[in-house]
Amino acid sequence: MLQSLYIKNFVLIKEITLDFSHGFSVITGETGAGKSILLGALNLVLGARADAKYISEGEDKCVIEAVFQIESYQLASFFEENDLDYSHECVLRRELYRSGKTRQFLNDSPVSAGVLKTLSALFIDIHSQHENLLLRDGKFQLKVVDTYAQNEALLQNYQQAYQHYKTVSSQLEETQQLAAKAQEEYDYLQYQFEQLDKAKLQAGELESLEADNELLEHAHDIKNSLLYMDALLQDENGLVSKLKEVAHKCNSIASFSTEYQAWSERLESSYIELKDIAGDISNGAERIEANPAQLEANRERLDTLYTLLQKHKVTTVEELIDLRNQLEAQLQHISQADEQIATLQKEQAEALATAEKLAQELHTIRQKAAQEMAPVLEDQLKQLGMQHATVQVGLQTLNTLSPMGKDAAEFLYAPTKTTTPQAAAKIASGGEIARFMLCIKYLLANATQLPTLIFDEIDTGISGETASLMGSMLQKMSTSTQIICITHLPQIAALGNQHYFVHKQESDDVLTNVRLLTDEERVTAIAKMLSGTTITDAAIQNAQSLLANRN
């Protein structure tokens, strides 16, 4: 329940604290006194859109704080999921700054306005006059049926199945579109792949061919140079023979000095190395031969590779190999598209069947709930003075699934037994709609055990005995639900357990103030509501009579 509301620097309210209790509380005041300001402040702390214009003139910020007792709400899991500290007392605070910045707190922990809005919707419902228009909203009417049927778990299961069906359908459509587009490109991709695959590409091939080609193009010059070097080294008077002779001479005197010995060893080593080099040069000269045919083959191969590199705008054979592999994967994917489509079509059919089955289960439960609701609503309307009202809760089956199932709901109403029921929003008067919505809220409060209901002038268009009947219903609802009602009718105001009076306070500035009335003050306030500015003895007696009717 809402335990208290603190408001500071909000529009015309300087600073007030209101303490609420269980049961039925009423708020009254003259037109323009600021009753709507209270509701605006409460909406703000519950997460409504903020605007710096709400801040009192001359102030830098406004603060709204609401304290709720939530021990029976079973909201510990919500706090845990949002990493918030849980306690039986929940304090919501919102600060609005002149700059437009807002700060939100839940039990002194910073939170987003969205968290406040989500949380507050779980334990408070504010019904203002514009909500009477909800009778025109098919989604609202279906939600009422679902709430009365208490099929939240089934609806959640259906919505999960429906979302899965929509996801699979989207995947199928996307796959079919991609497959159709890919099929158009298949021949071109196949041609590119075959061209690359036919080339038998090998990593490192380009560099190897370029090196081989360099040798083949200069084979004659290279062979002549190698033969010339071989002759200089290995002829009868070549370098190898002369070095051997020098090494032999040095070896003959090596025993006379360690220095000579070192020279001898170095010369012997040089001789062996030079002889080895000479042998390699000789072998190299024998191996190299001019090969015009191979040279031409290499040139043709290089031309093929250079053409492919240029065509595909890459610089290495390795990149061409990667491209070939990608094309192969694309072609394989296209060839497997029919199989993927068939799999998705099967999955779609299964998902649709599951969703249809759950939708039918919802429909069955909704039908039963609709049949049960109609006489209940009729009985409640009779209690509100609509003795001859006829109510039907119509369900229509849609052609396709929707996020709420396969049903559309509409509340039908006839003011007399002889009138054909029609859409309530079209034929009911303002007062009748107000009573209709009160009966719906009564049903919802009982079905959901909503702890706090706030009504903002739901009694518009109501007067006389009907007002008393409406007040009695609100009073009855307050035995299980905290009811706070902003009203302009004395018949309803007199039935409240607490009576708050909103008034203008004249000082340097005109401010809005609220006070809890004493029993004596309530007599005066209700008498004034009955007779206007001039309070008569008859109005006083009437007010006392109305107050005496409280349970």
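One-based numbering along the sequence shown.
Of the possible donor and acceptor atoms, none in the side chain of Thr118 sits under 3.5 Å from a partner among the backbone N and O of Val115. Side-chain N or O atoms of Asn43 include one that pairs as donor or acceptor with a backbone N or O of Leu39 at under 3.5 Å. Between the side chain of Asn497 and the main chain of Phe24, a donor-acceptor pair closer than 3.5 Å is present. Checked by atom type and distance alone, the side chain of Ser56 pairs as donor or acceptor with a backbone atom of Val11 at under 3.5 Å. Between the Gln104 side chain and the Val111 main chain, a donor and an acceptor come within less than 3.5 Å of each other. No donor-acceptor pair under 3.5 Å is formed between the side chain of Arg366 and the backbone N or O of Asp146. Of the possible donor and acceptor atoms, none in the side chain of Ser478 sits under 3.5 Å from a partner among the backbone N and O of Thr481.
Counting heavy-atom neighbours within 6.0 Å of His363 NE2, excluding the residue itself, gives a total above 12. Annotation for Glu152: atom CD does not count as buried by contact number, only 12 or fewer foreign heavy atoms lying within 6.0 Å. A 6.0 Å sphere centred on CD of Glu521 holds more than 12 heavy atoms belonging to other residues, nucleotides or ligands. At most 12 non-hydrogen atoms from other residues, nucleotides or ligands lie less than 6.0 angstrom from NZ of Lys313. The number of heavy-atom neighbours closer than 6.0 Å to CD of Gln360, taken from other residues, nucleotides and ligands shown, is above 12. Crowding of Glu174 atom CD: a count of heavy atoms from other residues, nucleotides or ligands under 6.0 Å not exceeding 12. The 12-atom threshold is not exceeded at CG of Asp60, counting heavy atoms of other residues, nucleotides or ligands nearer than 6.0 Å.
Between Met373 and the options Leu443, Val391, Ile440, a side chain to side chain contact (heavy atoms under 4.5 Å, CB included) holds for only Leu443. When each of Lys61, Glu57, Lys14 is tested with Asn9 by the rule side chain to side chain contact (heavy atoms under 4.5 Å, CB included), just one qualifies, namely Lys14. Of the options Glu15, Arg93, Glu65, a side-chain hydrogen bond (donor to acceptor under 3.5 Å, both in side chains) to Tyr6 is made by Glu15 and by none of the others.
Going from atom OH of Tyr165 over to atom CD of Gln348 covers 5.0 Å, rounded to the nearest 0.5 Å. Atom CD1 in Ile7 sits 11.5 Å away from atom CG in Leu12 (nearest 0.5 Å). Interatomic distance, CD of Gln392 versus CG of Leu377, reported as 12.0 Å (0.5 Å rounding). Between Met404 atom CE and Lys139 atom NZ the span is 9.0 Å, to the nearest 0.5 Å. Expressed to the nearest 0.5 Å, how far CD1 of Ile433 lies from CG of Leu438 amounts to 13.5 Å. Summarising the geometry, atom CZ belonging to Arg94 is positioned 10.0 Å from atom CZ belonging to Phe10; distances are rounded to the nearest 0.5 Å.
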**Item:** side-chain hydrogen bond (donor to acceptor under 3.5 Å, both in side chains) assessment of Gln498 paired with Ser25
**Value:** CA-CA 5 Å; Gln498 297 181 104; Ser25 299; 2.9 Å; yes

**Message:** With side-chain contact (heavy atoms from CB on, under 4.5 Å) as the criterion, how do Asn107 and Leu84 come out once you've worked through the C-alpha distance, each side chain's angles and the decisive distance to 0.1 Å?
**Reply:** CA-CA 8 Å; Asn107 293 341; Leu84 297 167; over 6 Å; no

**Item:** Residue pair Phe79, Leu106: steps toward the side-chain contact (heavy atoms from CB on, under 4.5 Å) verdict
**Value:** CA-CA 10 Å; Phe79 281 75; Leu106 194 159; 3.2 Å; yes

**Item:** Verdict with reasoning, Leu384 to Gln380, per side-chain contact (heavy atoms from CB on, under 4.5 Å)
**Value:** CA-CA 7 Å; Leu384 293 178; Gln380 290 171 341; 5.8 Å; no

**Item:** side-chain contact (heavy atoms from CB on, under 4.5 Å) between Val502 and Ile486, worked out
**Value:** CA-CA 10 Å; Val502 182; Ile486 297 175; over 6 Å; no

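Across all non-hydrogen atoms, the minimal contact from Ala423 to Leu412 is N-CD2, 3.7 Å. When all heavy atoms are compared, the tightest approach of Arg49 to Leu44 is O-CD1, 4.1 Å. Across every non-hydrogen atom of Ala525 and His499, the tightest pair is CB-CE1, 4.3 Å. Across Leu401 and Ala359, no two heavy atoms sit closer than the pair CD2-CB, 3.9 Å. Of all the heavy atoms in Leu381 and Ala389, the pair that sits closest is CD1-CB, 4.2 Å. The two atoms that bring Leu489 and Ala467 nearest to each other are CD1-CB, 3.5 Å, heavy atoms only.
In this structure, the side chains of Leu546 and Leu530 come closer than 4.5 Å at one or more pairs of heavy atoms. In this structure, Leu38 and Ile13 have side chains that are in contact, with non-hydrogen atoms separated by less than 4.5 Å. By the 4.5 Å heavy-atom criterion applied to side chains, Lys528 and Phe501 are not counted as neighbours. Residues Asp407 and Val145 fail the side-chain proximity criterion, which asks for heavy atoms closer than 4.5 Å. A heavy-atom distance below 4.5 Å is not found between the side chains of Thr419 and Thr390. A heavy-atom distance below 4.5 Å is not found between the side chains of Val91 and Asp108. Proximity of Ile483 to Val26: side-chain heavy atoms (C-beta onward) are nowhere separated by under 4.5 Å. Contact annotation: the side chain of Gln544 approaches that of Ile540 to within less than 4.5 Å [non-hydrogen atoms, C-beta and beyond].
Checked by atom type, the side-chain pair Gln541/Asp537 shows no donor-acceptor distance below 3.5 Å. Using modelled atom types and a 3.5 Å distance limit, the side chains of His164 and Gln160 yield no donor-acceptor pair. Gln482 and Thr452 are linked by a side-chain donor-acceptor pair at a separation below 3.5 angstrom, with hydrogens and angles left out of the test.
Relative orientation of the Phe411 and Phe436 rings is perpendicular, given thresholds of 30° and 60° on the angle between their planes. Relative ring orientation between Tyr86 and His88 is described as perpendicular, the plane-to-plane angle rising above 60° on a 0-90° scale split at 30° and 60°.
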